[in-house]
K.L.:
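First the structure, which I've put down as structure tokens, then a few questions once you've had a look.
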Amino acid sequence: MRSTTEKRRLLRDKLHSGEFLSAPGIYDMISARMADSMGFEALYMTGFGTVASYLGEPDAGLASYSDMVNRVGAFCRATQAPVICDGDTGYGGLLNVAHTVRGYEAAGAAAIQLEDQEFPKKCGHTPGRRVIPAAEMVRKLAVAVEARGDSGMLIVARTDALSGLGVDEAIERGHRYAEAGADVLFIESPENVEQLQRIGASFDKPLLVNVVEGGRTPQLSAQQYRELGFALAIYPAAGFLAAAQALRQAYAGVAQGRGTLDMQDALYPFSEMCELMGFPAVWEFDRRHAD
């Protein structure tokens with residue numbers, strides 16, 4: 001397993017190399033292990049999916065710092081790839097932001113994402129989001145930079161200003177957040193290619209694009225995002241949307257009395273699931289310590 005320092009260095013180097021990264025969303029330990037087994041060079045801990053799977057609640061500011069840092073640690077301990085971790089608004093005021101950054105760092109995050117929404121925050125592709133004054137977010141970012149003990153852990157600054165205040169305000173905030181020390185900029189929910197192009201041409205720091213199936217931002221290929229000026233695309237919802245659809249189909253067969261005999265080809269093999277979750281090591285341990 002790579003060390004936390006190695007993971008952070010890998011993410012930073014990749015983002016500055018000119019190589020484009022695609023990071024799938026992870027939300028529970030099965031999704032984390034599955035994504036990690038596929039060789040991705042970065043993973044994204046989705047707030048929406050993590051809150052949904054862990055608490056069964058909407059991503060609307062209901063999860064606490066304790067809820068989320070618990071998940072950060074579990075995901076980071078189980079994966080080889082660096083994990084970019086959603087830190088919402090920092091879970092409170094400036095002192096809370098410092099506490100959150102230190103906690104996520106200790107838990108192994110390669111990057112922490114902080115956003116400028118009012119508390120309680122909402123998912124970035126849902127309506128009703130409002131943002132705090134830019135100067136307040138600048139103070140949060142300054143505290144985040146000061147609080148981290150390892151400069152290798154990246155700070156991702158997200159602004160949700162575009163939907164309510166327009167692309168000019170969002171870009172202006174991006175510049176202010178970069179000056180405050182953010183390592184990666186995340187302009188949430190651009191709504192067309194023209195906005196993506198403007199954003200991509202406006203910054204010389206790594207840019208993140210959030211690709212939500214059914215969301216506000218156009219779905220393009222990785223190469224197209226790269227040509228527009230982005231360094232990283234996250235796909236936070238792809239895993240849990242796929243899983244929910246598969247669960248609905250499987251459970252419908254059981255509920256209707258058909259069982260699962262007619263959908264064997266759609267099921268992940270049980271033997272491979274045992275391997276994915278680490279059972280071979282358990283069996284080997286049992287063999288070595290058998291009476």
Side-chain angles (χ1 to χ4, degrees), residues 1-54 68-88 101 103-114 148 150-156 158 182-186 205-213 221-223 225-226 230-243 268 272-273 275-281:
M1 186 68 69
R2 291 190 181 110
S3 70
T4 299
T5 299
E6 290 174 319
K7 293 177 187 179
R8 290 172 180 160
R9 183 172 61 246
L10 173 64
L11 180 61
R12 183 180 289 273
D13 290 348
K14 289 290 183 181
L15 286 174
H16 288 89
S17 70
E19 180 179 346
F20 188 85
L21 296 180
S22 294
I26 60 173
Y27 57 93
D28 66 3
M29 294 309 298
I30 295 176
S31 64
R33 286 185 178 273
M34 179 66 76
D36 200 49
S37 75
M38 299 182 71
F40 286 101
E41 293 180 303
L43 307 175
Y44 179 75
M45 187 192 89
T46 158
F48 188 121
T50 300
V51 174
S53 65
Y54 190 48
M68 297 302 277
V69 76
N70 172 290
R71 298 292 81 202
V72 172
F75 295 154
C76 294
R77 286 191 298 271
T79 54
Q80 288 273 10
V83 185
I84 302 163
C85 299
D86 187 352
D88 285 350
V101 169
Y104 273 44
E105 180 180 332
I112 181 171
Q113 172 193 307
L114 297 169
R148 66 180 172 185
D150 180 1
S151 61
M153 186 181 75
L154 303 179
I155 294 171
V156 180
R158 165 176 150 177
D183 301 292
V184 179
L185 299 175
F186 175 179
K205 279 187 177 287
L207 292 173
L208 181 157
V209 60
N210 185 16
V211 187
V212 176
E213 297 76 12
S221 69
Q223 181 60 31
Y225 287 128
R226 181 178 183 177
F230 292 85
L232 167 67
I234 59 172
Y235 294 81
F240 64 76
L241 292 178
Y268 192 69
E272 293 184 29
M273 179 61 76
E275 185 172 350
L276 180 70
M277 299 313 297
F279 267 102

K.L.:
Find out whether Val156 and Leu208 are in side-chain contact, i.e. whether some heavy atom of one side chain is under 4.5 Å from a heavy atom of the other.
P.N.:
yes

K.L.:
Taking C-beta and beyond as the side chain, do Met68 and Tyr54 meet within less than 4.5 Å on heavy atoms?
P.N.:
no

K.L.:
Has the side chain of Asp86 got a donor or acceptor atom that lies under 3.5 Å from a matching backbone atom of Met45?
P.N.:
no

K.L.:
Tell me, do His16 and Pro206 make a side-chain contact under 4.5 Å, heavy atoms counted?
P.N.:
yes

K.L.:
Side chains of Ile84 and Leu43, heavy atoms from C-beta outward: is any pair under 4.5 Å?
P.N.:
no

K.L.:
State whether Asp183 and Arg148 are salt-bridged, where the test is any N-O pair (Lys NZ or Arg NE/NH1/NH2 against Asp/Glu carboxylate O) under 4.0 Å.
P.N.:
yes

K.L.:
Is a side-chain donor or acceptor of Arg2 paired with a backbone partner of Leu10 at a separation under 3.5 angstrom?
P.N.:
no

K.L.:
How are the rings of Phe240 and Tyr27 set to each other: parallel, tilted or perpendicular (split at 30° and 60°)?
P.N.:
perpendicular

K.L.:
Is a donor on one side and an acceptor on the other found under 3.5 Å between the side chain of Glu105 and the backbone of Asp150?
P.N.:
yes

K.L.:
Parallel, tilted or perpendicular for Phe20 and Tyr225, by the 30°/60° rule?
P.N.:
parallel

K.L.:
Indicate yes or no for a side-chain donor-acceptor contact from Thr50 to the backbone of Gly47 under 3.5 Å, with no hydrogens or angles considered.
P.N.:
no

K.L.:
Between Leu21 and Leu11, is there a side-chain heavy-atom distance shorter than 4.5 Å?
P.N.:
yes

K.L.:
Between Tyr44 and Gln113, is any side-chain donor less than 3.5 angstrom from a side-chain acceptor?
P.N.:
yes

K.L.:
Measure the shortest side-chain to side-chain distance between Pro236 and Val212 over non-hydrogen atoms and say whether it is less than 4.5 angstrom.
P.N.:
yes

K.L.:
I want to check something: taking the side chain as every heavy atom from C-beta on, are Ile26 and Met34 in contact at a cut-off of under 4.5 Å?
P.N.:
no

K.L.:
I'd like to know if the side chain of Lys7 and the backbone of Thr79 have a donor-acceptor N/O pair within less than 3.5 Å.
P.N.:
yes

K.L.:
Indicate yes or no for a side-chain donor-acceptor contact from Lys205 to the backbone of Leu185 under 3.5 Å, with no hydrogens or angles considered.
P.N.:
no

